[in-house]
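This report concerns only the one structure given below.
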Amino acid sequence: MSRHDRLASRSTRFMNRLYARLSRRQPAATGFVSQPEPRTIGSFARGRQLVAGNLLFAGYLVESPTTGLWDVEAPDTAFDAERNGFSWLDDLASVGDLPAREKAQKWLWGWIDSHGNGGGLGWSPDLTGRRVIRWINHALFLLRGQDKEASETFYHSLSQQTWFLSHRWKGASPGLPRFEALTGLIYAGLALEGREELADPAIKALAQECQQQIDDQGGLPTRNPEELLEVFTLLSWAAAALHEAGRTVPPAHTAAIERIAPTLRTLRHSDGGLARLHGGGRGLEGWLDHALAASHVVESKTDGLAMGYARLSAGRSSVIIDASAPPTGAASTNAHASTLAFELTSGRRPLVVNCGSGEAFGVEWRRAGRATPSHSTLCIEGHSSARLSAPQKGTSHEILIESPDQVPVEMSEIASGFRFQGGHNGFDRHFGLTHARSLELSFDGRSLSGEDMLLAIEDESKHKFDKAMDALSLGGVGFDIRLHLHPEVDAALDLGGSAVSMALRSGEIWVFRHDGNCELKLEPSVYLEKTRLKPRATKQIILSGRAMQYATRIRWTLSKAQETAIAVRDLNRDDPEIFD
């Protein structure tokens, strides 16, 4: 971190603390203008775990059946930030019984006692916005059975946080943090009696952010699908709050929602989950469908890229491909070196995946999850197609540097199905090679044909390749084509090592085959999910070879076994849950 960045960060923290403490002087609101309606979705299973005292935040589990949430020592700042954002309130409200409500009330008023005076990590604009939304959404759940003094304390704290947001929302980083801060301010300004005047500047500011942050493809600079869903949800909530208050939603706000919805449909697999790329996860079960339904936008993207991703869809199969260069600059903090990586889902069963974000499991897992070998694509000699910078001093943040700057793509319909063709020059700097990938999905969705090529095209690139060959004693440039499998896929290398059979829990059998002089292996891999305590073990198909010439081509296929699919369909004709 540069001296300028350190000073800016220190200044931001100082201003947050200053305005947090000044907020104590603000008068309390007397109540809500109208009865708040819960819109957030929680996890019932996680809510039950919280009631039992199992605190799972940011990949850390703290068992605390009796201790208050704020008496627990946070293992790191990510844990502290997650508990201060109050998203866990959605989970407790989804349980909704007396023990869950008592836990929620104890923890909320505990926060007011320990942090309500303006201290702690929670007084940042984005966390305050996130927290305010939850407090308002679940106000009836929280205030039930509380006396007048407790209610007044609740409204006074909400008033403090609303005033803080009105002065500090600009201190939130552009993107999701600022959308959270502004949506929280709009929510509170419209909901609390006597705070309506704070909503108007926030409504205008949110419209400006929509124009600046949501591009023509309906995407964000970070290219994180799950983050886009979060922004989309916030914009939909803000629009609903404006409609209920009899306010007009600014055209730029409405236009952003209309641009994002088709993009999210493109990034949605056939099982309803999002593509797990550039730091994003699948999204909470049902969250995407609920958000799309609430938006009332029915259009889908019919052609071209969506936030830099391509989609092939046929039958009940979906393929989503990272078809652009990774984000650059500040937006690359959580970016992955995943250009031309893809995921394949059959019905409701993910088959080929990417490892995902390792951020919840520490610095080393975070770095590993961002590297090209953690994605279903080709990598050379263990190199990534984009290089990470050294961690910024005093942080674990790294940005991608030396990313591909040329990523031509083409999508077309062919006689047998749909074709994606793309390439990138991420390996040109060191090896003089361009990676080109072609993927063809059959019309019935039962076969995906792939072709990967390594090409030294220009004279300068050929010179680099010759130099790399000399350094390797003319032994060739080693490469691996990796296909990471979902943990629920049961895979086995066939006798002779010429194919890999993969059984899905639906009963489907998929088979991977290849041609060319490559070695086929089935090796361990990991599946990284931020809602779990540790990485899940899974497997990966690895096709290894060496590039000896200026042009190397490898062909492979993933196809559904015809006879198995027919047998399972006949056995389970009336049970869509078994055969999907």
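Counting begins at 1 with the first residue of the sequence. Only heavy atoms go into these numbers, but all of them, side chains included; no hydrogens, no water, no symmetry mates.
A donor and an acceptor atom, one from each side chain of Asn354 and His484, are nowhere located under 3.5 Å apart. Under 3.5 Å, the side chains of Thr222 and Glu227 contain a donor-acceptor pair of N or O atoms. With hydrogens and angles left out, the side-chain atoms of Asp466 and Tyr550 include a donor and acceptor closer than 3.5 Å. Asp322 and Thr339 share no side-chain donor-acceptor pair at under 3.5 Å. Side chains of Ser461 and Asp428: a donor-acceptor N/O pair is present below 3.5 angstrom, by distance only. Trp510 and Glu508 are linked by a side-chain donor-acceptor pair at a separation below 3.5 angstrom, with hydrogens and angles left out of the test. Inspection of the Asn334 and Asn224 side chains reveals no N or O donor paired with an N or O acceptor under 3.5 Å.
When each of Arg282, His336, His269 is checked for a side-chain contact (heavy atoms from CB on, under 4.5 Å) with Arg276, only Arg282 meets the rule.
The environment of Lys521 atom NZ is dense: over 12 non-hydrogen atoms of other residues, nucleotides or ligands sit within 6.0 angstrom. The 12-atom threshold is not exceeded at CD of Glu460, counting heavy atoms of other residues, nucleotides or ligands nearer than 6.0 Å. Counting non-hydrogen atoms of other residues, nucleotides and ligands closer than 6.0 Å to CG of Asn517 gives a total of 12 or fewer. Counting heavy atoms of neighbouring residues, nucleotides and ligands inside a 6.0 Å radius, atom CD of Gln549 does not exceed 12 of them.
Ring geometry for Trp556 against Phe342 counts as parallel: the plane angle stays under 30°, on a 0 to 90° scale with 60° as the upper cut. The aromatic rings of Phe427 and His424 sit tilted, their planes meeting at an angle between 30° and 60°.
At least one donor-acceptor pair under 3.5 Å links the side chain of Thr263 to the backbone N or O of Gln217. Side chain of His463 to main chain of Asp459: no donor-acceptor pair is present (N/O by atom type, distance under 3.5 Å, no hydrogens or angles). With hydrogens and angles ignored, the 3.5 Å screen pairs no side-chain donor or acceptor of Asp480 with any backbone N or O of Glu381. A donor-acceptor distance shorter than 3.5 angstrom exists from the side chain of Gln540 to the backbone of Pro524, with no hydrogens or angles considered. Not a single donor-acceptor pair under 3.5 Å links the side chain of Asp90 to the backbone N or O of Thr40. Looking at Gln421, its side chain never comes within 3.5 Å of a backbone N or O of Glu410 through a donor-acceptor pair. No side-chain donor-acceptor contact under 3.5 Å links Arg482 to the backbone of Cys379. Put simply, the side chain of Ser376 never gets that close to the backbone of Ala341: no donor and acceptor are under 3.5 Å apart. The backbone N or O of Pro225 lies less than 3.5 Å from no partner atom in the side chain of His278, so there is not a single donor-acceptor pair. No donor-acceptor pair closer than 3.5 Å links the side chain of Ser501 to the backbone N or O of Ala492.
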### Query
Going through the distances and angles, do Ile554 and Phe479 end up as a side-chain contact (heavy atoms from CB on, under 4.5 Å)?
CA-CA 11 Å; Ile554 312 95; Phe479 64 84; 3.6 Å; yes

### Derivation of the salt bridge (charged side-chain N to carboxylate O under 4.0 Å, His left out) call for Arg268 and Asp289
CA-CA 9 Å; Arg268 179 183 184 271; Asp289 289 339; 2.8 Å; yes

### Task
For salt bridge (charged side-chain N to carboxylate O under 4.0 Å, His left out), just list the numbers for Arg536 and Glu529, CA-CA rounded to whole Å, side-chain angles, deciding distance to a tenth of an Å, and then say yes or no.
CA-CA 8 Å; Arg536 295 175 69 183; Glu529 295 176 280; 3.2 Å; yes

### Query
Going through the distances and angles, do Leu433 and Thr552 end up as a side-chain contact (heavy atoms from CB on, under 4.5 Å)?
CA-CA 10 Å; Leu433 292 171; Thr552 302; over 6 Å; no

### Task
Carefully, step by step, assess Leu520 and His514 under the rule side-chain contact (heavy atoms from CB on, under 4.5 Å).
CA-CA 8 Å; Leu520 180 61; His514 72 97; 3.9 Å; yes

### Query
Which is it for Val511 and Arg513 under the side-chain contact (heavy atoms from CB on, under 4.5 Å) test, yes or no, and what are the steps along the way?
CA-CA 7 Å; Val511 180; Arg513 296 183 177 90; 3.5 Å; yes

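The structure places CG of Asp126 at 11.5 Å from CG of Leu182, a figure rounded to the nearest 0.5 Å.
Looking at heavy atoms from C-beta onward, Val489 lies out of side-chain contact with Thr538 at the 4.5 angstrom threshold. Looking only at side-chain heavy atoms (C-beta outward), Leu292 and Arg265 come within less than 4.5 Å of each other. Proximity of Leu522 to Ile541: side-chain heavy atoms (C-beta onward) are separated by under 4.5 Å at one or more points. Taking 4.5 Å as the limit, some side-chain heavy atom of Leu351 sits within range of a side-chain heavy atom of Leu504. Within the 4.5 Å cutoff, the side chain of Ser506 has heavy atoms near those of the Arg349 side chain. Using a 4.5 Å heavy-atom cutoff, the side chains of Pro404 and Pro326 are in contact. In this structure the side chain of Lys560 reaches within 4.5 angstrom of the side chain of Ser346, judged on heavy atoms. Side chains of Leu264 and Ile260 form a contact here, defined as non-hydrogen atoms less than 4.5 Å apart.
Using a 4.0 Å cut-off between charged nitrogen and carboxylate oxygen, Glu364 and Arg367 do not count as a salt-bridge pair. A salt bridge links Glu226 and Lys530; the closest N-O separation between the charged side-chain nitrogens and carboxylate oxygens is under 4.0 Å.
Geometrically, Arg223 engages Tyr309 in a cation-pi contact defined by less than 6.0 Å to the ring centre and at most 45° from the axis.
The salt bridge (Lys or Arg N to Asp or Glu O under 4.0 Å) search around Arg178 returns Glu209, not counting sequence neighbours. Residues satisfying the salt bridge (Lys or Arg N to Asp or Glu O under 4.0 Å) test with Glu82, not counting sequence neighbours, are Arg46.
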